[in-house]
Number of protein chains: 2
Amino acid sequence: MKKAPTIRDVAAAAGVSVSVVSRVLNPESGPVAPAKREAVLGVINELGYRPRAAARELSVGQALTVGLVVADLANPFFAQLADRIVWEARSHGVQVVVMTTQEDPHLEADSLDTLLDRSVAGVIATPTGANVEKWERLQSMGVNVVFVDRTIAELEDVDVVSIENVDSARRATEHMLSLGHRRIGLITGPVSTSTGQARIHGYRAAHEAFSVSTDPQLIRDVPFRGDGGGDAVGSLLALPDRPTGLIVANTAQVQSSVRRLVQIGVQIPEDLSVIVFDDNPWTELTSPPLSVIRQPIGMLAVHSLELVLGRMHGKLPPAPRTIEVKADFVPRSSCSPLLLTTTR
Amino acid sequence: MKKAPTIRDVAAAAGVSVSVVSRVLNPESGPVAPAKREAVLGVINELGYRPRAAARELSVGQALTVGLVVADLANPFFAQLADRIVWEARSHGVQVVVMTTQEDPHLEADSLDTLLDRSVAGVIATPTGANVEKWERLQSMGVNVVFVDRTIAELEDVDVVSIENVDSARRATEHMLSLGHRRIGLITGPVSTSTGQARIHGYRAAHEAFSVSTDPQLIRDVPFRGDGGGDAVGSLLALPDRPTGLIVANTAQVQSSVRRLVQIGVQIPEDLSVIVFDDNPWTELTSPPLSVIRQPIGMLAVHSLELVLGRMHGKLPPAPRTIEVKADFVPRSSCSPLLLTTTR
DNA sequence: TTGTAAGCGTTATCAA
DNA sequence: TTGATAACGCTTACAA
């Protein structure tokens, strides 16, 4: 259990003052004579010196750290997002503290407090939708907040990175409509969430474009947690005039929904055409492979990190930025024309 | 951008000294008169005071943080593990800094340095297998290291949490053997890894128990990264005397392997009986649902966190501990008796 | 039981 | 271009 060398040890060994060493460490903070710089660098190397993050943080008042607040790392979408963000951050010398909320506002509030204690420079989050004042306080304390995937309508002045939710839902729905389907089930997130709203909006817009009326019974907004997807599938298929198409636009409920379809023994696409939101790695391993809306996770990660880092370095105009990236529709084999669908 | 209150502000407002406030914050560090304690608590609440983590870290020399170093968060196994660890840590007031190595020793070394800078109290990791001296240095600096899932043979004095690898592979293999299969392919991790070795060991042990000789050609140790699983599948099935059973014991290569099976159009279990390591959420959504070895991820998470925290608080005997948890074999529909398998 | 004051390892200010 | 030295906010002897 040795003690690590400090900046003072380095200074002493190099025969200079601590300020010189500090300036070698942070070049933009001041000039250093080339000769001394070499000497210092040599000593640093020899001693294996590394600056203590805590000391720097205390002095600077801010940590080279961003908080990542996601709902559920076990969800492949968030997991991949986290993977990319962690990776990207590392290349900028920034560490990521990960928190999970499990969609619970209390845990979210807790997480934010903790991140505040750590004086993180920024937070990337998929907000639960609650804690509006908490988010505001966080911002007022100088923490840069970027929402990814979802946002909170009440909260202005916050950067947002998401896919084109309205458009994605519209395209998926139009695909079904153009195949002749007229009763299309939609399983989406809570209407209280930005994604839930936007995707319903897109679904409706598509119907309007095709001059088809929408049946409220076919729209199911279910919570992200729990088995709501499966239940919705069950009740949709139990409808007297059951849908011939199904769009699962709630990323967290895709698995639950598909599991139920498999359990019930629904033949896809003969009995039901299916499109799901988000290209989980397994969606092409089912039979048939599922047609999906593929979220460009890498883009989401890169942009959100770019935004926090940009704000951290004050290199961005103050106006909040909203970045919407396009999500691809990836047709596979889970949709077929209505004519070929079982006529009952 | 307000400035947060400090311990001094609290002390002043409560009419006490900073040490009293500190003692209220850390009860075990000394006594406080009940009356003053209440007063301080009141002020803390009123001011919304929260101690700055960096200041405490600098003072005590250690952070209430553990580093989590995994190979790839995009892999559902690691993602779920991370989710549980983060969750569990939170309930102990500990934060988790996540790093990914992508199985690259350089990135791993980098990550360890960074964690050292942060003075983390402990590290939970799935080591690449390299960086032995780096791990040792980390320990010598007082950082508690716990390996989870895999370990490094050369490194003693380190806690390890894993499944019963030998036994799991043995049980999977015996299942196949008892179904009459005599040529069973094994796709596993590199022999340089503890899991790779152990699982091959279990595979061989099962064969011995059944007095069946093993064909080296059937054993494929492939890297965790890349498409080695798929390639191994391809070459195994191209063998003149091709296997009738396949065990994929490389968690990171399951997807690649199964994808290839699907691409080739192999009928499971008619053409090939299959067992894969790790119950990814989708393994029961394929057709047929796959028989799997299920790793008790929650147990792995709980134990590894328990170990780091235990060591952090010095509540554990110095001897390194090895915890092996049992992995369940979950039979589904991807294995059939040899007699029913296509006779060629 | 309480208060004073000395660290902890950086950065930043300001003379020199 | 350099070097003292004062923060930064907390913990912890040590005195009282």
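Below, chain A is the first sequence line, B the second, and so on; all start at residue 1. Bear in mind the structure is a predicted one, so any value in this text is a computation, not a measurement. Values below: all heavy atoms of this structure, side chains included; hydrogens, waters and symmetry mates excluded.
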Checklist entry - Once you round it to whole Å, what is the distance between P of C:dT2 and CZ of B:R23? => result 7 Å
Distances under 3.5 Å between nitrogen or oxygen atoms of protein and nucleotides 8-10 of chain C:
from: C:dG9; atom 1: N7; to: A:R8; atom 2: NH2; distance (Å): 3.4
from: C:dG9; atom 1: N2; to: A:A55; atom 2: O; distance (Å): 3.4
from: C:dT10; atom 1: OP1; to: A:Y49; atom 2: OH; distance (Å): 2.9
from: C:dT10; atom 1: OP1; to: A:R52; atom 2: N; distance (Å): 3.1
from: C:dT10; atom 1: OP2; to: A:I7; atom 2: N; distance (Å): 2.6
from: C:dT10; atom 1: OP2; to: A:Y49; atom 2: OH; distance (Å): 3.4
from: C:dT10; atom 1: O5'; to: A:Y49; atom 2: OH; distance (Å): 3.1
from: C:dT10; atom 1: O2; to: A:S59; atom 2: OG; distance (Å): 3.1

Item to check | Polar side-chain atom of A:S22 near backbone of A:V18 as donor-acceptor pair, under 3.5 Å | outcome: no
Next on the checklist: Reading DNA chain D in the 5' to 3' direction, which nucleotide is the first one with an atom under 4.0 Å from a heavy atom of chain B, and which is the last?
Outcome noted: D:dG9 to D:dT12
Next on the checklist: Please check: side-chain N/O of B:T100 versus main-chain N/O of B:Q102, any donor-acceptor pairing under 3.5 Å?
Outcome noted: no
Checklist entry - Between A:D159 and A:R321, is there a donor-acceptor pair closer than 3.5 Å when you use the side chain of the first and the backbone of the second? => result yes
Checklist entry - Got a donor-acceptor contact below 3.5 angstrom from the A:E108 side chain to the A:T128 backbone? => result yes
Item to check | Side-chain donor-acceptor pair present, A:R90, B:T114, cut-off under 3.5 Å | outcome: no
Checklist entry - Side chains of A:R150 and A:S162: is there a donor and an acceptor less than 3.5 Å apart? => result no
Checklist entry - Is there a donor-acceptor pair under 3.5 Å between the side chain of B:N144 and the backbone N or O of B:A121? => result yes
Next on the checklist: Using every non-hydrogen atom in the two residues, find where A:S17 and A:A11 come nearest and quote the distance to one decimal.
Outcome noted: C-CB, 3.7 Å
